[in-house]
Amino acid sequence: MDVVVVYETHFGQTREIAAHIADGARETGAAAVVVAVDHATREQVDGADLLVVGGPTHVRGMSRPWSRERLHAQELGTHGEIAAGVREWLAGLPAASAGKHAAAFDTRLPSALAGGAARGVAHGLREHGFSLVAAPEGFLVEEADGPLREGEPARARAWGAQLVTALADAQR
Ligand SMILES: Cc1cc2nc3c(=O)[nH]c(=O)nc-3n(C[C@H](O)[C@H](O)[C@H](O)COP(=O)(O)O)c2cc1C
């Protein structure tokens, strides 16, 4: 099974989670690649048995051009300018062929008011014809620029493994 994990990041936290999800998928025997949203190609998407997409929560949802600009204007971001986040990437995604599977995740603050980007990512994936193999999942950061909360890397690995198992069960 080929798993492609696409992420958006500004401080590196969502990339870390993406890497742990891919590690978890590999533990189950799947092949997994991790790719930044501004480098993810159509061939990678088309070739994926399972597409996993995640980004940071900005203003309770997916990032927007102005939330990313604000980051860079304040020179807070550590990973350069990202022309398009997962919101724009999803909007430009071609419709999936029948039987394509996906899952959505985000990183967010440990607050009751945090909201989350993953629901919007999941919605975008469904709109493009993907079947979701799991509910959208959020992973916690201690502060806007990290670090990840203790235990979240292990939880992300377990989630990555669960996704592969869920898809294998669905295909049986
Ligand atoms: C402009 C901006 C708005 C944010 N809004 C929220 C929010 O509404 N809820 C939340 O949980 N975290 C919010 N955060 C914190 C981000 O979730 C956090 O920076 C992100 O998870 C870090 O991931 P990254 O390193 O991959 O960018 C915000 C961060 C920024 C920069």
Side-chain angles (χ1 to χ4, degrees), residues 3-26 32-41 44-45 48 50-93 102-128 130 132 134-163:
V3 180
V4 175
V5 186
V6 176
Y7 67 89
E8 171 189 342
T9 194
H10 302 278
F11 298 106
Q13 306 304 304
T14 314
R15 182 179 54 199
E16 268 193 51
I17 290 292
H20 290 302
I21 291 169
D23 284 345
R26 288 185 199 107
V33 296
V34 181
V35 58
V37 68
D38 45 352
H39 286 92
T41 64
Q44 283 173 316
V45 173
L50 175 64
L51 177 67
V52 186
V53 182
T57 301
H58 281 186
V59 199
R60 299 177 56 82
M62 288 183 278
S63 77
R64 293 176 181 277
W66 58 262
S67 73
R68 299 193 296 270
E69 264 164 34
R70 204 181 122 195
L71 265 177
H72 296 295
Q74 293 175 3
E75 294 185 9
L76 291 172
T78 55
H79 294 277
E81 288 181 28
I82 294 184
V86 285
R87 180 190 294 273
E88 295 78 14
W89 186 77
L90 282 168
L93 206 59
F105 71 99
D106 64 45
T107 53
R108 59 179 77 170
L109 293 166
S111 153
L113 301 175
R119 268 179 50 178
V121 175
H123 181 74
L125 288 166
R126 269 196 307 267
E127 273 196 329
H128 284 81
F130 288 90
L132 298 186
E137 186 61 71
F139 295 94
L140 299 178
V141 295
E142 294 290 1
E143 306 283 345
D145 59 350
L148 296 174
R149 175 162 276 200
E150 201 183 336
E152 294 300 76
R155 204 163 68 79
R157 278 196 299 280
W159 193 68
Q162 275 167 32
L163 297 178

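Order of appearance sets the numbers: ligands from 1, and atoms from 1 within every ligand.
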How many angstroms lie between atom CG of Leu140 and atom CD of Glu150, to the nearest 0.5 angstrom?
12.5 Å
Backbone N or O of Gly85 within a donor-acceptor pair of the Glu88 side chain at under 3.5 Å?
yes
Using modelled atom types only, decide if a donor and an acceptor are shared between the side chain of Thr107 and the backbone of Phe139 within a distance under 3.5 Å.
no
Nearest-0.5 Å distance that lies between atom CD in Glu127 and atom CG in Leu93:
11.5 Å
Please confirm whether Gln13 comes within less than 3.5 Å of ligand 1 when only nitrogen or oxygen atoms on both sides are compared.
yes
Show the atoms of ligand 1 that are less than 4.0 angstrom away from any heavy atom in Arg108.
11 (O), 17 (O), 21 (O)
Nearest heavy atom to atom 9 (N) of ligand 1, choosing from Gly116, Ala114, Ser111, Pro56, belongs to Ala114
Main-chain N/O of Tyr7 paired with Arg15 side-chain donor or acceptor, under 3.5 Å:
no
Sub-3.5 Å donor-acceptor pair from the side chain of Glu8 to the main-chain atoms of Val37, do we have one?
no
Could you list the atoms of ligand 1 found under 4.0 angstrom from a heavy atom of Arg60?
7 (C), 8 (O)
Which residue from Val59, Thr57, Asp106 reaches closest to atom 17 (O) of ligand 1 through any of its heavy atoms?
Thr57
Within-cut-off N or O pair, Gly115 and ligand 1, under 3.5 Å:
no
Closest to atom 20 (C) of ligand 1 (heavy atoms only, candidates Asp145, Thr107, Leu148, Leu113) is Thr107
Main-chain N/O of Arg149 paired to Glu152 side chain as donor or acceptor, under 3.5 Å
no
Just which atoms of ligand 1 are under 4.0 Å from any heavy atom in Ala144?
18 (C), 19 (O), 20 (C), 22 (C)
Under 4.0 Å from a heavy atom of His10: give me the atoms of ligand 1 that qualify, with their elements.
24 (P), 26 (O), 27 (O)
Return yes when Gly12 approaches ligand 1 closer than 4.0 angstrom through a heavy atom, no otherwise.
yes
